[in-house]
Structures are given as structure tokens and as C-alpha cells.
A.B. asks: 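One structure coming up, written as C-alpha cells, with questions to follow.
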Amino acid sequence: MEDQELQKNSRVVKVDSPESWNFYVSQAKNQACPIVAHFTASWCIPSVFMNSFFEDLASSYKDALFLIVDVDEVKEVARRLKVKAMPTFMFLKDGNTMDKLVGANPDEIKKRVDGFVQSSRLVHIA
């Protein structure tokens with residue numbers, strides 16, 4: 001029950017199929033909304049460790065879409081995007097990968113998310 005409650009209030013959207021990935025990427029593209037995607041696996045302790053940090057980031061950056069993708073559940077998307085290690089964080093704009101970070105480095109992820117979201121705002125305004 002508590003887990004369901006957390007998911008209701010979460011700003012992180014779980015991708016559960018290639019179709020849902022395509023849907024969210026298409027929606028974000030239509031709305032000029034940047035995407036930060038966390039590719040994770042339940043068996044990868046560093047990935048699991050990053051989940052709450054990723055939730056906090058999503059709460060701080062409300063004008064970006066935060067997606068979480070379990071590579072074991074949505075293998076096709078992980079394979080298509082050449083995700084080979086977990087955790088992998090991808091930054092997408094207009095459906096294209098703009099940046100990628102592999103590893104559980106909270107400071108670097110925050111720095112990159114901040115730069116990515118800021119640059120997306122500037123492009124959107126211009």
C-alpha cells in the first residue's frame with residue numbers, strides 16, 4: 001500500500017513497454033519537453049540506490065519528463081538505445097539522445113540534469 005502511495009505522488013513515469021516509451025517520447029517532442037531517462041535493473045544495487053535520488057531530481061525539475069526503464073522488462077528499448085550498463089542516464093530532446101551518463105554519480109547527474117534542463121529552457125524561449 002505504501003509503495004502504491006509513493007507511485008501516485010511520483011513525478012517519475014515508469015516505462016513498461018516499447019509502446020509506452022514511444023508514446024512518452026512523442027508526447028515530450030510535441031511539447032518541446034526534455035526527457036531524462038534512468039535505465040535501471042532490480043538486481044543492480046547502484047541503480048536501485050539511485051531511484052530515490054532520481055525521484056528528488058524529478059521533483060526539482062518540473063519542466064522535464066523523468067522516465068524510469070527497467071532494462072529487463074523493456075529489453076527492446078534498452079537494446080535500441082545501446083544501454084549496456086546500469087545505471088545509465090540518458091538526456092533526450094526532440095526524440096534524440098543529447099547526452100548519456102553511465103554510473104551512480106549523484107553530483108554529476110545533478111550537474112548534467114541542471115545544464116540540460118537550463119539549455120532546453122533557453123532553446124524553448126529563443
A.B. asks: Got Lys93 and Ile35 here, is their nearest side-chain heavy-atom distance under 4.5 Å?
C.D. replies: no

A.B. asks: Taking only residues at least two apart or on different chains, which pairs with a member in residues 63-82 satisfy ring pair (Phe, Tyr, Trp, His ring centres under 6.0 Å)?
C.D. replies: Phe54-Phe66

A.B. asks: Supply the atom-to-atom distance Met98 CE to Ser120 OG, rounded to the nearest 0.5 angstrom.
C.D. replies: 7.5 Å

A.B. asks: Closest heavy-atom contact between Ala85 and Val102?
C.D. replies: CB-CG1, 3.8 Å

A.B. asks: Nearest 0.5 Å please: distance from the NE2 atom of His38 over to the CZ atom of Phe53.
C.D. replies: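 The distance works out to 10.5 Å.
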
A.B. asks: Using the test side chain to side chain contact (heavy atoms under 4.5 Å, CB included), find all partners of Thr97 that sit at least two apart in sequence or belong to another chain.
C.D. replies: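 If we apply the side chain to side chain contact (heavy atoms under 4.5 Å, CB included) test to Thr97, skipping adjacent residues, the hits are Leu81, Met90, Leu92.
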
A.B. asks: Is it true that Trp43 and Met50 fall in one hydrophobic cluster, defined by side-chain heavy atoms closer than 4.5 Å?
C.D. replies: no

A.B. asks: Taking all heavy atoms of Val77 and all of Pro18, pick out the closest pair and write down the distance.
C.D. replies: CG2-CA, 3.8 Å

A.B. asks: Which heavy atom of Met86 sits nearest to which heavy atom of Ala41, and what is that distance?
C.D. replies: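 Smallest heavy-atom distance, with atoms named: CG-N, 4.0 Å.
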
A.B. asks: Applying side chain to side chain contact (heavy atoms under 4.5 Å, CB included), can you list everything that pairs with Asp107, at least two apart in sequence or on another chain?
C.D. replies: Asn105

A.B. asks: Is it the case that the side chain of Asp70 and the backbone of Asp72 share a donor-acceptor pair, with hydrogens and angles ignored and the cut-off at 3.5 Å?
C.D. replies: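 Side chain of Asp70 to backbone of Asp72, a donor-acceptor pair under 3.5 Å: yes, one is there.
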
A.B. asks: May I ask you to test the Val74-Ser17 pair for a side-chain heavy-atom distance under 4.5 Å?
C.D. replies: no

A.B. asks: Suppose the criterion is ring pair (Phe, Tyr, Trp, His ring centres under 6.0 Å): which pairs have a residue in residues 91-110, not counting sequence neighbours?
C.D. replies: Phe91-Phe116

A.B. asks: Considering residues, nucleotides and ligands other than Lys100, do more than 12 of their heavy atoms fall under 6.0 Å from its NZ?
C.D. replies: yes

A.B. asks: Which value, rounded to the nearest 0.5 Å, describes the distance between Phe89 atom CZ and Ile68 atom CD1?
C.D. replies: 8.0 Å

A.B. asks: In terms of hydrophobic clusters joined by side-chain contacts under 4.5 Å, are Val113 and Leu67 together?
C.D. replies: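 No.
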
A.B. asks: Is Val71 reachable from Val12 through a run of I, L, V, M, F, W or Y residues, each pair having side-chain heavy atoms under 4.5 Å apart?
C.D. replies: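 Per the 4.5 Å side-chain linkage, Val12 and Val71 are not co-clustered.
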
A.B. asks: Identify every side-chain donor-acceptor pair in residues 58-65 under 3.5 Å, counting partners at least two apart or on other chains, and give the distances.
C.D. replies:
unit_1, atom_1, unit_2, atom_2, d
Ser59, OG, Glu55, O, 3.3
Ser60, OG, Asp56, O, 3.1
Tyr61, OH, Lys110, NZ, 3.3
Tyr61, OH, Asp114, OD1, 3.0
Lys62, NZ, Ser59, O, 3.0
Asp63, OD1, Arg121, NH2, 3.2
Asp63, OD2, Arg121, NE, 2.6
Asp63, OD2, Arg121, NH2, 3.3

A.B. asks: Could you state whether Val48 and Phe39 fall into the same hydrophobic cluster, counting links through intermediate Ile, Leu, Val, Met, Phe, Trp or Tyr residues with side-chain heavy atoms under 4.5 angstrom apart?
C.D. replies: no

A.B. asks: Quick one: do Val15 and Phe23 end up in the same hydrophobic cluster if we chain Ile, Leu, Val, Met, Phe, Trp and Tyr together by side-chain heavy atoms under 4.5 Å apart?
C.D. replies: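 Yes, it is one cluster - the side chains of Val15 and Phe23 are joined through contacts under 4.5 Å.
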
A.B. asks: Kindly compute the distance separating CZ (Arg112) from CG (Leu101), expressed to the nearest 0.5 Å.
C.D. replies: 4.5 Å

A.B. asks: Between Arg79 and Glu76, is there a salt bridge with N-O shorter than 4.0 Å?
C.D. replies: no

A.B. asks: If you group Ile, Leu, Val, Met, Phe, Trp and Tyr whenever their side-chain heavy atoms sit less than 4.5 Å apart, what else falls in with Ile45?
C.D. replies: none

A.B. asks: Would you indicate whether the side-chain heavy atoms of Leu57 and Val36 approach each other to under 4.5 Å?
C.D. replies: no

A.B. asks: For residues Asp16 and Trp21, is any side-chain donor paired with an opposing acceptor at under 3.5 Å?
C.D. replies: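 Looking only at side-chain atoms, Trp21 and Asp16 do not form any donor-acceptor pair under 3.5 Å.
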
